[in-house]
There are 2 protein chains.
Amino acid sequence: MSVAGKAPELTRNQALVHGALVRADGPLSAYEVLDRLREQGFKAPLQVYRALDKLVAFGLVHRLESLNAFVACSHAEGETEEPAAFAICDSCGGVTEFADARITGDLKAWAETDRFSLTGMTIELRGLCAACQTG
Amino acid sequence: MSVAGKAPELTRNQALVHGALVRADGPLSAYEVLDRLREQGFKAPLQVYRALDKLVAFGLVHRLESLNAFVACSHAEGETEEPAAFAICDSCGGVTEFADARITGDLKAWAETDRFSLTGMTIELRGLCAACQTG
DNA sequence: TTACGCTATGTAATAGTATAACATTACAGT
DNA sequence: ACTGTAATGTTATACTATTACATAGCGTAA
Ligand SMILES: [Zn+2]
Ligand SMILES: [Zn+2]
Ligand SMILES: [Zn+2]
Ligand SMILES: [Zn+2]
């Protein structure tokens, strides 16, 4: 349910935070982002949180509520996107982003039925990714 | 996806924490629970967190990841339950728990297709409840 | 009984996450 | 220049969660 208007121009801080998340191989906490940007002059959590707020609003970054962490959106910029869902591997920490119109459609339908005016949704699966299963 | 075996006997601390959540009219943070139980002798966060861990494992309490808060399960004890989903009103703070087999079924199907071994899921909707909408 | 293992508990200290408050800078439109 | 808005810098603080260690209760095997 990102607003994700036309491709936004990022400020310096936003671009740095976004870059850190794009380069990361998995989700990062705000403080992990901060540590990776100290060489670029970052010194306080708020520099990260303010950039993250914007990036999330733009739809370029997603917040993983069950991890208190953030990931770069895996979709191409501007690509229309159902509200994203995530599968988080408890073994390797890998995150798979997916968008399933049937799932989000069902949730929207539930909201409609319940007269709940929907503005956002969090869908996060936990378990083991294919690579991390032994048998 | 609670394990929720046969009705568990709660320890004193677990019963106190559960009672506080049942009496509350909405979700409570762990520290709000703590404050409500100081008269009963609670003094440290860990007393609350340890009880919450058990209650969540029993399926008697749910954690709301997007709020860092906890609610008593709205279903009767022992009642079989699909993994719960929640609609959280951003205006009044009210939470509606629901369980929709179609939604959870779709998520399980996605996991199956992706060879993701599912152990839990978080489904939280945000918006305005019917009572909080003006028009 | 005693000893052992397991669960629950008490308490203090610390780690991790997020925001409030205030000062400053940049820049567009008038 | 004046004004309004958005972004930034910085310090301090609030909120959430866990580590570490000590203690107590209880069921059971020796
Ligand atoms: Zn995305
Ligand atoms: Zn994995
Ligand atoms: Zn429930
Ligand atoms: Zn409401």
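Below, read A as the first sequence line, B as the second, and so on, with proteins coming before strands; counting in each chain starts at 1. Worth saying up front: this structure is predicted, and the values here are computed from it rather than measured.
- Atom CD of A:Glu9 and atom P of C:dA28 are 11 Å apart (whole Å).
- Note that CZ of A:Phe116 is 14.0 Å distant from NZ of A:Lys108, once rounded to the nearest 0.5 Å.
- One atom, NZ of A:Lys54, and another, C1' of D:dT8, lie 12 Å apart when rounded to the nearest Å.
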Report all side-chain donor-acceptor pairs from residues 39-57 of chain B shorter than 3.5 Å, counting only partners two or more places apart or in another chain.
from    : atom 1 : to      : atom 2 : distance (Å)
B:Gln47 : OE1    : B:Lys43 : N      : 2.6
B:Gln47 : OE1    : B:Ala44 : N      : 2.9

Detail all sub-3.5 Å separations between protein N/O atoms and N/O atoms belonging to nucleotides 10-14 of chain C.
from   : atom 1 : to      : atom 2 : distance (Å)
C:dG10 : OP2    : B:Asn13 : ND2    : 3.1
C:dG10 : OP2    : B:Gln47 : NE2    : 2.5
C:dG10 : N7     : B:Arg50 : NH2    : 2.5
C:dG10 : O6     : B:Arg50 : NH1    : 3.2
C:dG10 : O6     : B:Arg50 : NH2    : 3.2

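- Spacing between atom CG of B:Asp53 and atom P of D:dT19 amounts to 11 Å, rounded to whole angstrom units.
- A close approach under 4.0 Å does not occur between any side-chain nitrogen or oxygen of B:Ser29 and OP1 or OP2 of D:dC15.
- To the nearest angstrom, P of D:dT8 lies 15 Å from CD of A:Gln40.
- In terms of phosphate contacts, B:Arg63 brings a side-chain nitrogen or oxygen within less than 4.0 Å of OP1 or OP2 of D:dA17.
- Considering A:Asp114, A:Leu118, A:Thr119 in turn, A:Leu118 is the only one that fulfils the side-chain contact (heavy atoms from CB on, under 4.5 Å) rule with B:Leu125.
- A straight line from CG of B:Leu16 to P of C:dA8 spans 15 Å, rounded to a whole angstrom.
- When the C1' atom of D:dA14 is taken as reference, atom CG of B:Leu34 falls 15 Å away, rounded to whole Å.
- Between A:Thr11 and the phosphate of D:dA6, there is no side-chain N or O to OP1/OP2 separation shorter than 4.0 Å.
- Remark: P of C:dA15 and OH of B:Tyr49 are 17 Å apart, rounded to the nearest angstrom.
- A salt bridge does not link A:Arg126 to A:Glu124: none of the charged side-chain nitrogens sits closer than 4.0 Å to a carboxylate oxygen.
- Taking 4.5 Å as the limit, every side-chain heavy atom of A:Thr96 sits out of range of all side-chain heavy atoms of A:Cys129.
- With no hydrogens or angles considered, a side-chain donor-acceptor pair links B:Thr104 and B:Glu82 at under 3.5 Å.
- Here A:Asn68 reaches the OP1 or OP2 of C:dA18: one of its side-chain N or O atoms lies under 4.0 Å away.
- Taking CG from A:Asn68 and CG from B:Asn68, the interatomic distance works out to 5.5 Å, rounded to the nearest 0.5 Å.
- Taking atom CZ of A:Arg38 as the reference point, atom C1' of D:dT10 lies 13 Å away to the nearest angstrom.
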